[in-house]
Amino acid sequence: MTIGYGNLSLAYPRFNRAFGEPMAGAFGVGLSIAFDVQAYLPASFPFPIVRLDSSPVFIDRPVPRLVGYASPEVSSPFRICGSSVQSGTIYRLQLSASQVEAIEGLRDGNGLLLRLVVRAATSRGDDVQNHSEDVRIDIAQSEWLRVLEEAQYQRTLVVEVPLVDLDGGAGSSPVDELKKAQRLLWLGHFQDSVAACRRVLEAIEIRFGLENERKEAFAATKQRDLAEQLTLFQRELLLRHSAMRFAHVASHADGTAERPFDRTDATLMLAVTAAIARAAFARATGDGDGR
């Protein structure tokens, strides 16, 4: 992998590290690319000039997909001369929440393998030559989770439900369990993520004393006349009931399921749980009883 001029190699690009950056309405990923710049021999003027351009980024696993285009922070991060030097620049990639979620779906709890196609134009006098060189970007699972955290992706769930301080910051809380469930999803521990979501719903019931009301709402569904008279809040309690039943087998050894929970199941449970928790605590800030 080299950027060259004619049959001469001028610079070898290589991946250094990745980091996250919070952005307004998006998530930023910075890719630090180092360049091992070779001495230009014979050292004759004019020396070639290398200019970097916006470059496509692909995810290569399981199949190649275009992620987006990354722009170099500096278009000419080094100068070609008669001696070898080391230099580098940052390629910045802007991702929407849906793009990050698509990456997460392809990653499926593993590390992330990207490919940056470094595009450069090398000129010497009036002669201009274009080059495209692939740079393999292999990001370990733990490193990618750090990138997501630095980009503040943990503050937004997959359906863009803000993770505000729902509990008011008191003790071990449902929101702590919700954050844990999201991290378990990132790690690919789908069964544990679903179980953590159930603990969120159980904690909400304990905090507001709603277990009996939920059971009464469920019992009312078995009688047609009562079912038709359910209030909106009672119908919401039925959503909680269904979600808790869905997650039952993830929390109890006596539960049975035809297959283990997968990422789709865990994502569904996390999104539903986040919405239910947000609704419950939004009401609590108004009248204090979670209704």
Side-chain angles (χ1 to χ4, degrees), residues 1-3 11-35 50-75 77 88-121 130-161 163 182-190 193 262-264 266-268 270-271:
M1 299 184 297
T2 180
I3 297 172
Y12 293 90
R14 55 184 170 82
F15 172 62
N16 186 14
R17 69 183 185 93
F19 58 91
E21 295 179 307
M23 301 182 69
F27 306 97
V29 176
L31 302 173
S32 174
I33 303 297
F35 291 91
V50 177
R51 290 186 174 86
L52 305 177
D53 198 359
S54 177
S55 300
V57 180
F58 295 88
I59 183 170
D60 277 345
R61 190 168 50 194
V63 294
R65 299 279 181 86
L66 177 65
V67 174
Y69 285 82
S71 299
E73 188 174 55
V74 179
S75 61
T89 191
I90 303 297
Y91 281 81
R92 284 189 160 81
L93 179 64
Q94 179 176 315
L95 300 172
S96 66
S98 59
Q99 284 176 298
V100 177
E101 172 57 12
I103 291 172
E104 288 298 276
L106 293 170
R107 186 176 68 85
D108 199 27
N110 299 302
L112 185 62
L113 180 61
L114 300 175
R115 176 167 48 91
L116 173 68
V117 183
V118 174
R119 302 195 302 189
N130 295 313
H131 297 270
S132 294
E133 298 297 333
D134 289 355
V135 176
R136 177 188 173 97
I137 298 176
D138 199 347
I139 306 175
Q141 180 199 67
S142 59
E143 290 299 301
W144 179 244
L145 297 187
R146 174 184 55 77
V147 170
L148 291 179
E149 290 177 354
E150 290 173 349
Q152 298 185 357
Y153 184 67
Q154 79 278 11
R155 295 186 182 179
T156 303
L157 286 174
V158 292
V159 290
E160 301 187 64
V161 178
L163 280 177
Q182 185 177 43
R183 186 168 184 85
L184 288 167
L185 173 64
W186 289 350
L187 289 169
H189 300 164
F190 306 129
S193 177
D262 60 19
R263 187 174 189 279
T264 299
T267 301
L268 168 66
L270 182 59

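Counting from 1, the numbers follow the sequence of the chain as shown. Note: hydrogens, waters and symmetry copies are ignored here, and every other heavy atom, side chains too, is used.
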Could you check if a side-chain atom of [X] sits within less than 4.5 angstrom of a side-chain atom of [Y], using non-hydrogen atoms only?
X    : Y    : value
R119 : N130 : no
Q99  : Q94  : no
R263 : R107 : no
L114 : F15  : no
Y91  : L52  : yes
L95  : I103 : yes
I90  : F19  : yes
V147 : F27  : no

Problem set entry | Short side-chain to backbone donor-acceptor contact, Q182 and L270, under 3.5 Å | no
Problem set entry | Donor-acceptor under 3.5 Å (T89 side chain, V74 main chain) | yes
Would you give the length of the straight line joining atom [atom1] of [X] to atom [atom2] of [Y], rounded to the nearest 0.5 angstrom?
X    : Y    : atom1 : atom2 : result
L31  : R92  : CG    : CZ    : 10.0 Å
L184 : F190 : CG    : CZ    : 10.5 Å
E133 : T2   : CD    : OG1   : 6.0 Å
T267 : E104 : OG1   : CD    : 9.5 Å
L116 : I137 : CG    : CD1   : 5.0 Å

Exercise. With under 30° as parallel and over 60° as perpendicular, where do the rings of W186 and Y153 fit, or are they tilted in between?
Worked result: parallel
Exercise. So, R146 and E143, do they make that salt bridge, N to O below 4.0 Å?
Worked result: yes
Identify the two heavy atoms, one from [X] and one from [Y], that lie closest to each other, and give their separation to 0.1 Å.
X    : Y    : result
P72  : D53  : CD-O, 3.6 Å
S55  : V117 : CB-O, 2.9 Å
F35  : P13  : CE2-CB, 3.6 Å
R115 : P64  : NH2-CB, 4.4 Å
P77  : G88  : CB-O, 3.6 Å
Q141 : L187 : NE2-O, 3.2 Å

Exercise. Has R51 got more than 12 heavy atoms of other residues, nucleotides or ligands less than 6.0 Å from its CZ?
Worked result: no
